[in-house]
Amino acid sequence: MISEKAIVSPKAKIGNNVTIYPFVYIEDDVVVGDDCIIYPFVSLMNGTRIGKGNMIHQNTVLGAIPQDFNYRGEATLMIIGDNNIIRENVVINRATFTDGETRIGNNNFIMEGVHISHDVKIGNGCVLGYGTKIAGDCVFNNGVILSSNVVVNPGARIGTAAMVSSGCRISYDVPPFIVANDNPAKYGGLNSSVLTNHGVDEKIQKHIANAYRLIFHGHTSLFDAVNQVVDQVPDSVEIQDIVNFIRDTKLGVIGHERNN
């Protein structure tokens, strides 16, 4: 299943039932899991670790050297889980330092032209739209959706099942379960369709909406707003996710840039 026209290092570890098309380039320190399909002109660079059942399309570069002035040539990692679809012209950088890693989870759909920089952590079931650019050290929880041409600046976090609209520039954290839109990015309501698809009860969705009214329309500090959510909104796994996410913020939260 490996084309004679592919360049595959004999030191690379290739799993069972892997299809490697012509003109693929695979370096020494690479691991590819079972049942992957690697289309022509893909480059898998040193430090790349790929799980099972992934489909990697033309001209993608995985494990590229980080675009970080702190990188000194160490052997670092870029780790991808299982059953991801990575479309054409995607670039994913490996980590800057040996104690870090760039990590992509399972069942993600990464569309054409996406760039994921060093030390980014992406969960499971995310969709990254055309031409999206993600700077270093960002963290995405499960079920995040980015529309096309989104720019996520260094260190930003995006919470569970949040959606970012096309063309947004994200410089602050985006809390769970919301839609972010406009520039600068702001709260655009609940991501209701995704919550419904994930089986979140309508009553819980109302509680989430009430929590975000306190956070984004309460005319108080972010700290006080979170305390109000704890005191006034019935507890649930989703409310705990919101509270913990916001309490852990370092950059601040969209819509609260001047009011933390």
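Treat the numbers as computed from the prediction; the structure is a model and nothing was measured.
- At least one side-chain heavy atom of I215 sits less than 4.5 Å from a side-chain heavy atom of L222.
- The closest side-chain heavy-atom distance from V152 to I170 is below 4.5 Å.
- Using cut-offs of 30° and 60° for the angle between ring planes, the F216 and H256 rings count as tilted.
- No side-chain heavy atom of I110 sits less than 4.5 Å from a side-chain heavy atom of I85.
- When the shell of 6.0 Å around NZ of K186 is examined, it contains 12 or fewer heavy atoms from other residues, nucleotides or ligands.
- The backbone N or O of G105 sits nowhere less than 3.5 Å from a side-chain atom of N124 that would complete a donor-acceptor pair.
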Open item on the list: For T102 and D119: C-alpha separation, side-chain torsions, deciding distance, then whether side-chain hydrogen bond (donor to acceptor under 3.5 Å, both in side chains) applies.
Closed with: CA-CA 4 Å; T102 303; D119 298 285; 5.2 Å; no
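- In this structure a side-chain-to-backbone donor-acceptor pair under 3.5 Å is missing from E112 to V90.
- To the nearest 0.5 Å, atom CG of residue D34 and atom CG of residue N16 are 4.5 Å apart.
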TODO: Might you work through the side-chain contact (heavy atoms from CB on, under 4.5 Å) test for H217 and Y187, ending with a clear yes or no?
DONE: CA-CA 10 Å; H217 302 299; Y187 172 64; 4.1 Å; yes
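- Counting non-hydrogen atoms of other residues, nucleotides and ligands closer than 6.0 Å to OH of Y130 gives a total of 12 or fewer.
- Two residues are said to be in side-chain contact when any heavy atoms from C-beta on lie closer than 4.5 Å; D241 and V237 fail this criterion.
- The pair D29-R49 meets the salt-bridge criterion, with a side-chain N (NZ, NE, NH1 or NH2) lying under 4.0 Å from an Asp/Glu carboxylate O.
- Using a 4.0 Å cut-off between charged nitrogen and carboxylate oxygen, E74 and R72 do not count as a salt-bridge pair.
- Closest of all the heavy-atom pairs between S165 and N181 is OG-CB, 3.6 Å.
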- [ ] List the steps and the verdict of side-chain contact (heavy atoms from CB on, under 4.5 Å) for I134 and L128.
- [x] CA-CA 10 Å; I134 303 167; L128 310 182; 3.9 Å; yes
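- Judged by distance alone, the side chain of N54 and the main-chain N or O of N84 form a donor-acceptor pair under 3.5 Å.
- With K133 contributing its side chain and G113 its backbone, the two residues share a donor-acceptor pair below 3.5 Å.
- Between the side chain of T48 and the backbone N or O of L62 there is at least one donor-acceptor pair closer than 3.5 Å.
- Inter-residue side-chain proximity for T160 and F177 is flagged as met; some heavy-atom pair is nearer than 4.5 Å.
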Task: Steps toward side-chain hydrogen bond (donor to acceptor under 3.5 Å, both in side chains) verdict (R213, N210) - done: CA-CA 5 Å; R213 287 190 191 97; N210 287 335; 2.4 Å; yes
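- Between I178 and Y212, the closest side-chain pair of non-hydrogen atoms falls below 4.5 Å.
- The side chain to side chain donor-acceptor pair (under 3.5 Å) test with H115 singles out one residue from N89, N93, T132, and that residue is N93.
- Between the CZ atom in R94 and the CD1 atom in I116 there is a gap of 15.5 Å [rounded to 0.5 Å].
- D173 and R157 are joined by a salt bridge, as a carboxylate oxygen and a charged side-chain nitrogen come within less than 4.0 angstrom of each other.
- K52 places no side-chain N or O within donor-acceptor distance of the main-chain N or O of G81, the cut-off being under 3.5 Å.
- With hydrogens and angles disregarded, a donor-acceptor distance shorter than 3.5 Å links the side chain of D68 to the backbone of N70.
- Residues E27 and A12 share a closest heavy-atom pair of O-CB, 3.6 Å.
- Between the SG atom in C126 and the CZ atom in F140 there is a gap of 7.5 Å [rounded to 0.5 Å].
- Between the CD1 atom in I38 and the NE2 atom in H57 there is a gap of 11.5 Å [rounded to 0.5 Å].
- Atom CZ of F97 has more than 12 neighbouring heavy atoms from other residues, nucleotides or ligands inside a 6.0 Å radius.
- Residues I208 and I242 meet the side-chain proximity criterion, which asks for heavy atoms closer than 4.5 Å.
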- [ ] In sequence, state the C-alpha distance, the side-chain angles, and the governing distance for S166 and N149, and then conclude on side-chain hydrogen bond (donor to acceptor under 3.5 Å, both in side chains).
- [x] CA-CA 6 Å; S166 295; N149 297 307; over 6 Å; no
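- The main-chain N or O of H118 is never found under 3.5 Å from a side-chain atom of D137 such that the two would form a donor-acceptor pair.
- Taking CG of D224 as the start and CG of D231 as the end, the distance is 10.5 Å to the nearest 0.5 Å.
- T76 contributes atom OG1, which lies 9.0 Å from atom CD1 of I65 (distance to the nearest 0.5 angstrom).
- Under the 4.5 Å side-chain criterion, counting only non-hydrogen atoms from C-beta, Y25 is in contact with M45.
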